[in-house]
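Remarks on the structure that follows.
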Amino acid sequence: MSVTVAESAGFCFGVSRAVETVERAAGEGKRVVTLGPIIHNRHVVAEFEKLGVRVIERPEEAQPGTTVVIRSHGVPKAVAEALERQGAEVIDATCPFVKRIHGIVAKAEQEGRLPVIIGTPSHPEVEGIAGWCSRCRIFETPEELENWTRQPDFSPDLPVSMVCQTTSTEISWKKSVQIAKKQFTNLKIFDTICKATEFRQSEAARLSAVCQAMVVVGDTKSSNTGRLATICREHCDKVVLADNASELQPEFFRGVSVVGITAGASTPAWIIKEVNKTMSEIINADAVQEENFEALLEQSIKTLNTGDKVIGTVTGIGNTEVQVDLGTKHAGYIPYDEVSTDPSVKPEDILHVGDEIEVFVVRVNDQEGTVQLSKKKLDGLKVWDDMAACAEEKTTVEGTITEENKGGLVANVKGVRVFIPASQSGIAKGGDMASMVGKTVKLKITEVNRARRRVIGSIRAVASEERKAAQEKIWAEIEEGKQYHGTVKSLTSYGAFVDIGGVDGMVHVSELSWNHIKSPADVVKVGDEIDVFVLSFDAAKHKISLGYKTPEMNPWNQFMTKYAVGDVVDAKVVKLMTFGAFAEIIPGVDGLIHISQIADRRIGKPEEVLSEGQEVKVKITDIDAEQKRISLSIRALLEEPAANEAE
């Protein structure tokens with residue numbers, strides 16, 4: 001017969017940190033109170049009561065002179081502000097992973113996005129998260145989320161940022177993510193399940209699959225413990241949830257030879273030891289030595305291993321290294337060359353005593369009690385995490401083009417080399433890609449391969465997305481008569497196509513000019529920026545008819561505005577007829593010089609005096625606005641000097 005205790009059983013980092021915070025404050029002789037039970041375990045709370053630590057339920061109960069510890073679950077923003085107004089010393093022991101979620105939902109609301117939380121609405125952690133935004137939606141199960149998306153008022157375009165309770169089950173979270181990806185078009189996903197929780201749950205699943213019976217140790221009020229029991233029941237028929245060793249009944253284990261033990265994140269080590277000892281006695285396994293509260297509390301702290309990511313507090317900045325408290329017996333330190341990837345950055349410029357930082361464990365020396373850490377390595381890993389997240393969430397990022405090669409362009413994005421194939425550069429085939437070097441561009445990350453350290457991006461995808469958004473805006477707001485400033489994209493024999501901001505419209509050749517033209521090229525050329533207006537449109541067929549010529553451009557209107565009967569103007573003879581000559585006053589407007597008005601003598605043909613293309617001075621003798629006809633006279637100008645001389 002054998003008993004196997006899960007390696008992950010017991011306090012997680014956040015709980016251990018909160019418990020240590022209370023113990024340290026009480027040990028300094030402070031009057032300590034906790035806002036709500038420090039963790040979901042009545043035995044730990046009872047131990048602290050013996051040390052004089054009281055539990056209060058509301059901020060108003062905090063008295064000046066007391067030290068209030070905020071538990072690892074965190075509190076709403078309003079509660080934190082209320083505590084500050086009470087005049088008591090406040091120590092925030094909120095788990096850093098929970099604190100991160102507070103920042104995510106607060107930022108989401110600032111960006112006009114709706115925070116969606118996957119978790120138990122009544123859980124203190126979820127209540128605390130919801131308190132960092134003015135509005136949010138909380139769903140305990142994927143089914144609840146899916147039901148919401150089926151409501152009549154649901155909008156798939158709603159901008160959503162989705163997070164989960166740190167202790168949610170991975171299965172529930174993944175199902176929720178699948179549903180959200182199908183239903184939302186503007187979605188940001190943040191996987192905020194605590195990695196320690198993921199490991200604890202996956203280890204519980206593996207252990208329960210090979211054991212005949214499972215014991216889940218923890219307070220029945222603990223959400224974390226309850227989820228562990230649920231996971232174990234999926235793989236094992238015999239599962240018991242025990243608050244402590246006294247609740248174990250020997251008859252439950254009859255006929256059982258292999259037993260597994262796991263425990264929630266709020267379960268202290270000494271209770272796990274007692275359960276293990278009792279189980280050993282029940283099935284004749286080896287007994288486990290009892291230890292006192294303080295010793296077991298120390299042992300419950302997570303063991304450090306090379307490659308771990310841990311959170312610590314900066315306690316000092318020396319001449320060659322930065323000292324970091326990791327909450328263990330080890331003395332953590334970061335060599336200066338492991339602080340930043342930028343060698344010009346000084347540690348004191350980016351780190352300060354009291355800062356909480358996440359670091360990478362490089363080397364653990366148990367004999368000397370030291371652990372070498374690196375912030376630089378973790379920052380590098382985070383950048384790759386960011387790249388993967390950008391690819392997953394299709395986020396637009398900015399980068400600087402650093403080089404051009406035969407295959408495309410290379411951009412620097414957050415210190416990572418991103419290759420942009422020529423086909424995704426947004427430059428036409430044969431175009432000058434070298435001109436892009438040095439420019440800051442927007443792009444999408446389309447592929448991340450950590451093993452080969454390769455990232456591929458696309459500028460074209462951003463342009464396509466922006467064009468699509470512009471198209472949607474135009475079709476939503478278009479109306480007849482609306483004016484646009486556009487660019488001529490192409491010419492045909494029957495008109496010109498004009499881009500009015502993501503959508504092409506067609507200006508028919510008859511709408512380009514008031515004059516008769518042979519080709520659209522007589523008026524515009526590709527690349528010209530012109531002002532156009534909507535004549536008609538068909539949203540279903542995505543067709544737009546545009547106008548270019550306006551009443552103000554009408555030559556007849558220009559003539560009527562500028563000239564009147566009696567004016568003398570310069571004109572050009574454009575056509576000779578038997579009855580007279582037509583002369584152009586302004587482009588598009590001709591007047592008739594009757595044969596009798598060409599000279600001050602009788603002539604047989606206009607050709608005797610005039611020729612086509614000749615510039616002449618004429619007098620406007622009549623304007624027929626209705627028929628758009630103008631009468632001109634050269635004779636009137638010749639007779640006027642003679643009349644003046646006679647007078």
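The first residue in the sequence is number 1, and the count goes up from there. It should be emphasised that the depicted structure is a prediction, and the values quoted were computed from it without experimental measurement. Atoms considered below: every heavy atom in the structure, side chains included; atoms not considered: hydrogens, waters and symmetry mates.
Summarising the geometry of C136 relative to A130, their closest heavy-atom pair is SG-CB, 3.8 Å, with the distance given to 0.1 Å. Closest heavy-atom contact between G218 and L241: O-CD2, 3.5 Å. Minimum heavy-atom separation, I272 to V5: CG2-CG1, 4.1 Å. For the pair A229 and V216, the tightest heavy-atom approach, listed with the atom from each and the gap, is CA-CG2, 3.9 Å.
The ring pair (Phe, Tyr, Trp, His ring centres under 6.0 Å) contacts involving residues 110-137 comprise H40-H123, H73-H123, H102-W132, where partners must be two or more places apart or lie in separate chains. Residue pairs satisfying the salt bridge (Lys or Arg N to Asp or Glu O under 4.0 Å) criterion with at least one member in residues 96-105, sequence neighbours excluded, are listed as follows: D92-K99. Among residue pairs with one or both ends in residues 65-90, those qualifying as salt bridge (Lys or Arg N to Asp or Glu O under 4.0 Å) are K30-E89; sequence neighbours excluded. The ring pair (Phe, Tyr, Trp, His ring centres under 6.0 Å) contacts involving residues 371-390 comprise nothing, where partners must be two or more places apart or lie in separate chains. Screening residues 186-205 for ring pair (Phe, Tyr, Trp, His ring centres under 6.0 Å) gives no qualifying pairs among residues at least two apart or on separate chains.
No side-chain heavy atom of L409 sits under 4.5 Å from any side-chain heavy atom of V441. Within the 4.5 Å cutoff, no side-chain heavy atoms of D219 are placed close to those of V44. At a threshold of 4.5 Å between non-hydrogen side-chain atoms, the residues W270 and H43 count as touching. The shortest distance between side-chain heavy atoms of I39 and F11 falls below 4.5 Å. R42 is listed as a side-chain neighbour of N244, based on a closest heavy-atom distance under 4.5 Å.
Under a 3.5 Å cut-off, the side chain of T192 and the backbone N or O of C164 do form a donor-acceptor pair. Checked by atom type and distance alone, the side chain of E356 never pairs as donor or acceptor with a backbone atom of P96 at under 3.5 Å. The backbone N or O of S266 lies less than 3.5 Å from no partner atom in the side chain of N224, so there is not a single donor-acceptor pair. At distances below 3.5 Å, not a single donor-acceptor pair connects side-chain atoms of K377 with backbone N or O atoms of E338. A side-chain donor-acceptor contact under 3.5 Å links R200 to the backbone of S8. Remark: side-chain polar atoms of S172 are not paired, donor with acceptor, to backbone N or O of T169 under 3.5 angstrom. Between the E203 side chain and the E7 main chain, a donor and an acceptor come within less than 3.5 Å of each other. Checked by atom type and distance alone, the side chain of R113 pairs as donor or acceptor with a backbone atom of V160 at under 3.5 Å. With hydrogens and angles disregarded, no donor-acceptor distance shorter than 3.5 Å links the side chain of T66 to the backbone of A62. Between the T262 side chain and the L228 main chain, no donor and acceptor come within less than 3.5 Å of each other.
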What verdict does the side-chain contact (heavy atoms from CB on, under 4.5 Å) test give for L326 and L373, after you've listed the backbone C-alpha separation in whole Å, the side-chain angles of each residue and the deciding distance to 0.1 Å? CA-CA 10 Å; L326 299 174; L373 307 168; 4.1 Å; yes
Decide side-chain contact (heavy atoms from CB on, under 4.5 Å) for V69 and V53; before the verdict, give the C-alpha distance in whole Å, the side-chain angles of both, and the deciding distance to 0.1 Å. CA-CA 10 Å; V69 179; V53 178; over 6 Å; no
Determine, step by step, whether N186 and L158 satisfy the side-chain contact (heavy atoms from CB on, under 4.5 Å) criterion, reporting the C-alpha distance in whole Å, the side-chain angles of both residues, the deciding distance to 0.1 Å, and the verdict. CA-CA 6 Å; N186 188 351; L158 183 69; over 6 Å; no
Would F97 and I311 satisfy side-chain contact (heavy atoms from CB on, under 4.5 Å), going step by step from the backbone distance to the final call? CA-CA 10 Å; F97 301 114; I311 292 178; 4.0 Å; yes
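Between K50 and E47, at least one side-chain N (NZ, or NE/NH1/NH2) sits under 4.0 Å from a carboxylate O, which counts as a salt bridge. A salt bridge does not link K346 to E348: none of the charged nitrogens lies less than 4.0 Å from a carboxylate oxygen. Under a 4.0 Å N-O distance rule, the pair K394/E465 does not qualify as a salt bridge. Ion pairing between E109 and R135 fails under the 4.0 Å rule for side-chain N and carboxylate O.
No hydrogens or angles considered: a donor-acceptor pair under 3.5 Å links the side chains of T120 and R227. K439 and T400 are not linked by any side-chain donor-acceptor pair at a separation below 3.5 angstrom, with hydrogens and angles left out of the test. Side-chain contact annotation: T167 with E125, donor-acceptor N/O pair under 3.5 Å absent.
Under the side-chain hydrogen bond (donor to acceptor under 3.5 Å, both in side chains) criterion, T34 pairs with no residue at all, not counting sequence neighbours.
To the nearest 0.5 Å, atoms CE (M387) and CD1 (I445) are separated by 5.0 Å. Distance check, rounded to the nearest 0.5 Å: CD1 of I117 to CD1 of I104 gives 11.0 Å.
When the shell of 6.0 Å around CZ of R54 is examined, it contains 12 or fewer heavy atoms from other residues, nucleotides or ligands.
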